Engineer: 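Quick one: the structure is below, questions incoming.
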Amino acid sequence: MNRLLIIGPPGAGKGTQAAKISEELSIPAISTGDIFRANIKEETELGREAKQYMDAGNLVPDSVTNRMVRDRLAQDDASRGFLLDGYPRNTAQVEELDSILNELGQKIDGVLLLTADNEELVQRLLGRAKDQGRSDDTEEVIRHRLEVYAQETEPIVGLYEARGIVTRVDGLGSIDEVSQRLLAAIR
Ligand code: B4P
């Protein structure tokens, strides 16, 4: 399995685990959140557009996000595999990803669904707020991001379950314990 998605609520550990899996499998981890944050830092047009949505805890519009993912997946390093972290996040993005991969003659092999309860998620993100000061890690915005996840992202899990490619992995425990579970699920 070398074309993978990692899905989970904010704070479940997607970004943390994507970096580990990417290293272990030698495939690029592509995080839409990281690409947006890099653009915000460099003060690009894309960054300016994304920032207002991210700071409010809302999804960046599909028109912006889809184009960015299409360009990224066309790059050479993604031709032999990738782990998408934080994309797709709604049903329209699932359709767009299908269409991008269809054009490339590829398909998703597996979906890793990382789970954790809401109170743990809020505590982790408040902890990150202290360490990193991310502007979308205030308690109010965190709770809104959890609602957006429940309304927009959770429904896409069923779409992939119908394809029989979802593995649920418990995101509670140490970072290494969770990595071991994920790698076992992939293998
Ligand atoms: P993301 O960057 O995806 O942010 P996230 O959901 O908070 O997850 P992240 O990967 O950063 O955190 P993780 O769970 O690893 O999205 C941010 C914003 O970008 C979105 O709100 C949206 O506006 C926009 N966006 C991104 N993709 C989009 C898309 N496709 N469409 C539209 N908009 C999009 O880790 C969280 C914390 O938990 C860390 O501090 C970590 O150290 C800690 N942690 C991890 N594992 C742990 C463990 N096992 N135990 C204890 N702590 C742990």
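Because the structure is a prediction, the values reported are computed rather than measured. Both ligands and their constituent atoms are indexed starting at 1 by order of listing. Numbering of residues begins at 1 and proceeds along the displayed sequence. Heavy-atom basis, side chains included; hydrogens, waters and symmetry copies ignored.
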Engineer: For ligand 1 and A12, I'd like to know whether there is a polar contact (N/O to N/O, distance under 3.5 Å).
Structural biologist: yes
Engineer: So is there a nitrogen or oxygen of T32 less than 3.5 Å from a nitrogen or oxygen in ligand 1?
Structural biologist: yes
Engineer: Just to confirm my output: which protein heavy-atom neighbour is closest to atom 41 (C) of ligand 1, and how far is it?
Structural biologist: T16 OG1, 3.6 Å
Engineer: With a 4.5 Å cut-off on side-chain heavy-atom distances among I, L, V, M, F, W and Y, is there a chain of contacts connecting L73 to I7?
Structural biologist: yes
Engineer: How far is atom 14 (O) of ligand 1 from the closest protein heavy atom, and which atom is that?
Structural biologist: G13 N, 2.6 Å
Engineer: If we only consider heavy atoms of G173, is any one of them less than 4.0 Å away from an atom in ligand 1?
Structural biologist: yes
Engineer: How long is the straight-line distance from CZ of R89 back to CG of L84, given to the nearest 0.5 Å?
Structural biologist: 11.5 Å
Engineer: Compare Q17, R128, Q93, R145 and give the one whose heavy atom is closest to atom 12 (O) of ligand 1.
Structural biologist: R128
Engineer: Taking only heavy atoms of Y87, which atoms of ligand 1 are found under 4.0 Å from at least one of them?
Structural biologist: 30 (N)
Engineer: Please list the nearest protein heavy atom to atom 18 (C) of ligand 1 with its residue and the distance rounded to 0.1 Å.
Structural biologist: M54 CE, 3.7 Å
Engineer: What is the distance from atom CD1 of I100 to atom CD of E96, rounded to the nearest 0.5 Å?
Structural biologist: 4.5 Å
Engineer: Using distance alone, determine whether D85 and ligand 1 share an N or O pair under 3.5 Å.
Structural biologist: no
Engineer: How many angstroms lie between atom CD of E24 and atom CG of L83, to the nearest 0.5 angstrom?
Structural biologist: 12.5 Å
Engineer: Calculate, to the nearest 0.5 Å, the distance between atoms CG and CG belonging to D137 and L126 respectively.
Structural biologist: 7.5 Å
Engineer: Has ligand 1 got any nitrogen or oxygen that is less than 3.5 angstrom from a nitrogen or oxygen of V178?
Structural biologist: no
Engineer: Would you say N58 has any N or O atom under 3.5 Å from an N or O of ligand 1, going by distance alone?
Structural biologist: yes
Engineer: Examine G11 against ligand 1 and note whether any of their N/O atoms are separated by less than 3.5 Å.
Structural biologist: yes
Engineer: Can you measure from OH (Y149) to CG (L59) and round to the nearest 0.5 angstrom?
Structural biologist: 12.0 Å
Engineer: Purely on distance, is any nitrogen or oxygen of R134 under 3.5 Å from one on ligand 1?
Structural biologist: yes
Engineer: What part of T65 sits under 4.0 Å from ligand 1 if we count only heavy atoms: the side chain, the backbone, both or neither?
Structural biologist: side chain
Engineer: Could you tell me whether the side chain of S99 and the main chain of E95 form a donor-acceptor pair under 3.5 Å?
Structural biologist: no
Engineer: Return yes or no for this condition: an N or O of P9 is under 3.5 Å from an N or O of ligand 1.
Structural biologist: no
Engineer: Hydrophobic cluster membership, with links at side-chain heavy-atom distances under 4.5 Å among I/L/V/M/F/W/Y: are L121 and I6 in one?
Structural biologist: no
Engineer: Side chains of R72 and Y87, heavy atoms from C-beta outward: is any pair under 4.5 Å?
Structural biologist: no
Engineer: Less than 3.5 Å between some nitrogen or oxygen of F36 and one of ligand 1, yes or no?
Structural biologist: no
Engineer: May I ask which of K14, R89, E152 has a heavy atom nearer to atom 1 (P) of ligand 1 than the others do?
Structural biologist: R89
Engineer: Among R124, Q132, E177, R37, which one puts a heavy atom closest to atom 47 (C) of ligand 1?
Structural biologist: R124
Engineer: Do you know which of E140, E139, E147 makes side chain to side chain donor-acceptor pair (under 3.5 Å) with R143?
Structural biologist: E139
Engineer: Just which atoms of ligand 1 are under 4.0 Å from any heavy atom in V60?
Structural biologist: 32 (C), 33 (N)
Engineer: Relative to the heavy atoms of I175, which atoms of ligand 1 are at a distance of less than 4.0 Å?
Structural biologist: 46 (N), 47 (C), 48 (C), 49 (N)
Engineer: If you count the atoms of ligand 1 from 1 in the order shown, which ones are under 4.0 Å from a heavy atom of L125?
Structural biologist: 36 (C)
Engineer: Counting only N and O atoms by type, is there a donor-acceptor contact under 3.5 Å from the side chain of R124 to the main-chain atoms of G11?
Structural biologist: yes
Engineer: What's the separation between atom CG in N58 and atom CG in D136, rounded to the nearest 0.5 Å?
Structural biologist: 11.0 Å
Engineer: Are I156 and L101 co-members of a hydrophobic cluster defined by side-chain heavy atoms under 4.5 Å apart?
Structural biologist: yes
Engineer: Record the part of S174 in heavy-atom contact with ligand 1 below 4.0 Å; permitted values are side chain, backbone, both and neither.
Structural biologist: backbone
Engineer: How about CD on E43, more than 12 heavy atoms from neighbouring residues, nucleotides or ligands closer than 6.0 Å, or not?
Structural biologist: no
Engineer: I need the nearest protein heavy-atom contact for atom 15 (O) of ligand 1: residue, atom name and distance, please.
Structural biologist: G15 N, 2.9 Å
Engineer: Quick one: does Q52 get within less than 4.0 Å of ligand 1, heavy atoms only?
Structural biologist: no
